[in-house]
Amino acid sequence: MELQDLKQKWNILDERLAQNEILSKRALQESICGKNKTMYENVQKGVRGNLIGAALIALLLIPSLHNKGIFHDVDFYIMEGVCVLAVIMILCRMFVASRFDVTSTLQHQLKNLVNYNRCVVFGNVIGTPLAIIAICVTLYIEHPATAWGAIFVVLGAVAGAFSAWYGWKKHKSTIQEIEKNLAELKDFE
């Protein structure tokens with residue numbers, strides 16, 4: 001009789017342990033999904049901030065510098081063109097970032113992550129140097145109307161290069177963290 005009681009108690013404990021293991025796995029999965037959701041939201045907020053910044057520069061700063069006579073017409077058009085291209089690249093990133101969803105399959109999340117990474121590489125690694133080259137060519141071909149124009153252009157190029165570098169570093173760490181989380185979620189499947 002004692003042996004039967006021990007077996008029965010053992011089986012009850014084994015069932016409880018299995019249930020606790022399932023619950024802890026589920027809690028860990030939810031925690032990882034919560035981290036990714038927060039990271040996805042942060043990426044989307046960052047892209048919106050980039051869009052607002054680029055739009056303000058294109059719509060307010062450069063036209064006001066042109067109206068004050070700091071830039072010639074050619075300088076103005078080239079810099080506006082650079083800003084418009086930046087806004088287009090940011091809109092592409094925004095579209096891809098809007099597709100981030102923790103409830104979708106891991107393969108779909110990885111696909112969206114790769115697409116977002118391509119947009120960032122195109123924008124920061126290719127777009128920023130092209131913008132800086134366009135600005136330098138503008139300065140070489142047609143000097144700004146005033147010395148302040150040159151200062152604004154140089155400050156803009158430095159700020160753009162720094163922003164691209166900082167954004168790239170931040171992007172890289174965020175993507176690595178999301179990939180690590182997705183790899184952990186894959187282990188649960």
Measure the OG1-NZ distance between Thr105 and Lys111 for me, rounded to the nearest 0.5 Å.
-> 9.5 Å
With a cut-off of 3.5 Å and sequence neighbours excluded, list every side-chain donor-acceptor pair involving residues 51-64.
unit_1	atom_1	unit_2	atom_2	d
Ser64	OG	Leu60	O	3.0
Ser64	OG	Leu61	O	2.8

Atom pair CG/CG of Asn36 and Asp101 - distance to nearest 0.5 Å = 11.0 Å
When clusters are formed by joining ILVMFWY residues with side-chain heavy atoms under 4.5 Å apart, either directly or through shared neighbours, do Leu85 and Val82 land in the same one?
-> no
Output a table of donor-acceptor pairs, distance under 3.5 Å, between side-chain atoms of residues 164-180 and any protein atom two or more places apart or on a different chain; print 'none' if there are none.
unit_1	atom_1	unit_2	atom_2	d
His171	NE2	Asn117	OD1	2.5
Ser173	OG	Lys170	O	3.0
Thr174	OG1	Lys170	O	2.9

Is the closest side-chain heavy-atom distance between Met39 and Asn181 below 4.5 Å?
-> yes
Compare every heavy atom of Tyr116 with every heavy atom of Val96, then report the nearest pair and how far apart it is.
-> CG1-N, 3.4 Å
With side chains defined as the heavy atoms from C-beta onward, is the minimum distance between Phe95 and Leu91 less than 4.5 Å?
-> no
Report yes or no: does Gln109 contribute a side-chain atom to a donor-acceptor pair with the main-chain N or O of Val102 at less than 3.5 Å?
-> yes
Tell me, do Leu182 and Leu113 make a side-chain contact under 4.5 Å, heavy atoms counted?
-> yes
Working to the nearest 0.5 Å, report the span between SG of Cys92 and CZ of Arg118.
-> 13.5 Å
By side-chain hydrogen bond (donor to acceptor under 3.5 Å, both in side chains), which residues pair with Asn50, not counting sequence neighbours?
-> none
Nearest-0.5 Å distance that lies between atom CD in Gln44 and atom OG in Ser98 = 7.0 Å
Would you indicate whether the side-chain heavy atoms of Arg99 and His108 approach each other to under 4.5 Å?
-> yes
Tell me whether Val43 is reachable from Val121 by hopping between hydrophobic residues (I, L, V, M, F, W, Y) whose side-chain heavy atoms are closer than 4.5 Å.
-> yes
